[in-house]
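In what follows, chains are A, B, ... by sequence order, proteins preceding strands, each numbered from 1. Keep in mind that the numbers below use all heavy atoms, side chains included, and drop hydrogens, waters and symmetry copies. Computed from a predicted structure; not experimentally measured.
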Amino acid sequence: MDTMSPLERVLRGIAITLVILFFMFPIFWIFLMSFQTNETILRVPPSIVFEPTIANYQALLTGRLETAAGTLEIRFMRNLFNSLFLSTASVALALVLGIPAAYAFARLKFRGSEEIAFTLLSFRFAPPLLVLLPLVIYFQQIGLANTYIGLIWVYQLICLPLILWIVRGYFEDIPADIEHAYRIAGHRWFTTFRKVALPLAGPGIAAAGLLAFIFAWNNFIFALVLASADKQPVTVGALAFVTASGIQFGQIAAAIVLSIAPVFALALYAQRYLVEGLSLGAVKG
Amino acid sequence: MTETTLRLENVDKFYGPIGRGVHAVKDVSMRVDRGDIVALLGSSGCGKTSTLRMIAGFEAVSRGAIYIAGRQVHTLPPVKRNVAMAFEGYSLYPPLTVRENIAFALKSSRARAPEVAARVDEVAAMLEITNILDRYPNSISGGQQQRASLARALIRDADLHLLDEPMGQLEPQLRTLLRGRLKHFIKERGLTAILVTHDQTEANALADKIAVMEAGELQQYASPAEIKERPANLFTGTFVGEPPMNVFPATASHLGDRIHLDLEGGLDLVYPESAFAPTVRAAMLARRQVMIGVRPYAVRRGEGGATATVLANQWLGDQSHIAARFAGGTIVLVEHDRAALQEGERIAVRLAPDDLHIFDPETGCAMSHGREAA
């Protein structure tokens, strides 16, 4: 940075501004929309000057949506809770299953290890639509359709490969001899795993968990097909705003703002931790 | 009788399936007596680190058995073998200070805190790392990390101390100083140590016995002097010693009461019969083709020698290294005085029978060293 000329500095500033505008504008516009009525949203030409209203948020929080055709019951808060519960539980399960597996794939070379790891990754290649129909039929037969357990199980298709592959990379980056040194000083491998490998891979585990959480949160298709109204996350619940009397853009915008808020907060919080953790060992951890 | 601390019995290591994978260690058997320092010496990939890691328990033994202090250990996890190890990659735990890293080796030994502190200070002083004890591994140099890692191994009371290239990263001056201190430290406490190194000076300076390894095989296991004076085979002869031993193919014949060794380029070295033990003589004549080896510092210049042409003459400040064309190859001489020789100059070199090592060219095995049979 020190060697940059003033011109370069200005150009770089402009470039950064453009990128930020490009990526942040839709979010910003949605944020504005969430404080407007359908009429002000849909006027031509659009304007950023309007009289703000909190009616959209009120409707979401109270669950009563006033439309031209009458009052509609919506379950947005229930959906938000479902999203939170499903994503958290899925990521927690994936971490419990995925971290030991990632450690095994990183440290032990056994017959077929690469094949197994790749198979797990390949779950991410298959289009969800392809597996959905058989899945629905099976789930109905064994009674898992429209249950949280069933959904969390299916969400492992999203979370587990992600966590497995990211965390495996972090484990592989830790020199095995650090663990060896700990083991030869009189500790069992499980203690070593807990006291040495896990803390050193901490930033990776956090990153993988965060990513898996976002992916689970954003999932639409599994939840659409496998869950009925009371188990649906916000992604599916947002469909309720497409009503007989038109699309409720204001409420959709407010719903988006509310539903990205938790992930946004989590990402902001974890970002600080990630950067800190990635400078491995420079700080006492 | 001395107590055996470590015994390897026909140890094999395959990476991959037994019999088909990479055969990294081949049928190695050796004993290490209690209180001895043994160096595993060899070039990269010779199997010395694999051997060390099998002893530590980080690599499975494919075939054979390992005993430490009389216990069969090769099926036990590292924690149960009672060995300490300094790793080549240092392997310090980043979130702990150097002091904590060294001390954690004693955590499981139930030593009291004041005793732990005293021992850390002692070993740190020995290795000149007292001033960095409170720093973190990532903020110190490679040489300092290496010494911290060495300290972590030496502080333990273990049956066996395994040191993988313990001084590779140190500056030459420090290395010489620490070599002396390390040897004193190990001997004073009666520790038994196995040191892996590719530096023969280090092996010679520290070890009571050197195990020379090449291509997974144990070539020779003997004292440093024995390895220098009586190399078991061509590999050991040419690998140990700096500059390396001069080796030439020769044809042995018996004319009258003299033994002739014909070298390439029409050179004929003539020795009296008595220069070789009768059995060696018989073996040489039966073989006809032999390899003769002579150490560079044993080659003398002087009247009546065979002719050689100087290719290069380097004065290293304390010795001259002279390379000369000889018998279709190159011969290297070491002299302790500054030799006034120009390139292209002819010199006469003498290979005294007492300094000759005779090897079987097919097996590489030594047949004689000087007048004695191998």
### Query
Does a side-chain heavy-atom distance below 4.5 Å link B:Y93 with A:P199?
yes
Has [X] got more than 12 heavy atoms of other residues, nucleotides or ligands less than 6.0 Å from its [atom1]?
| X | atom1 | value |
| --- | --- | --- |
| A:W153 | CH2 | no |
| B:R189 | CZ | yes |
| B:K80 | NZ | no |
| A:F31 | CZ | no |
| B:E171 | CD | no |

What distance do [X] atom [atom1] and [Y] atom [atom2] have between them, rounded to the nearest 0.5 Å?
| X | Y | atom1 | atom2 | answer |
| --- | --- | --- | --- | --- |
| B:F87 | A:I184 | CZ | CD1 | 5.0 Å |
| A:H187 | B:F104 | NE2 | CZ | 6.0 Å |
| A:R183 | B:R81 | CZ | CZ | 9.5 Å |

## Note on the structure
Smallest heavy-atom separation, A:A181 atom then B:S91 atom, equals CB-O, 4.0 Å
### Query
What orientation do B:F58 and A:H180 show, parallel under 30°, tilted 30 to 60°, or perpendicular over 60°?
parallel
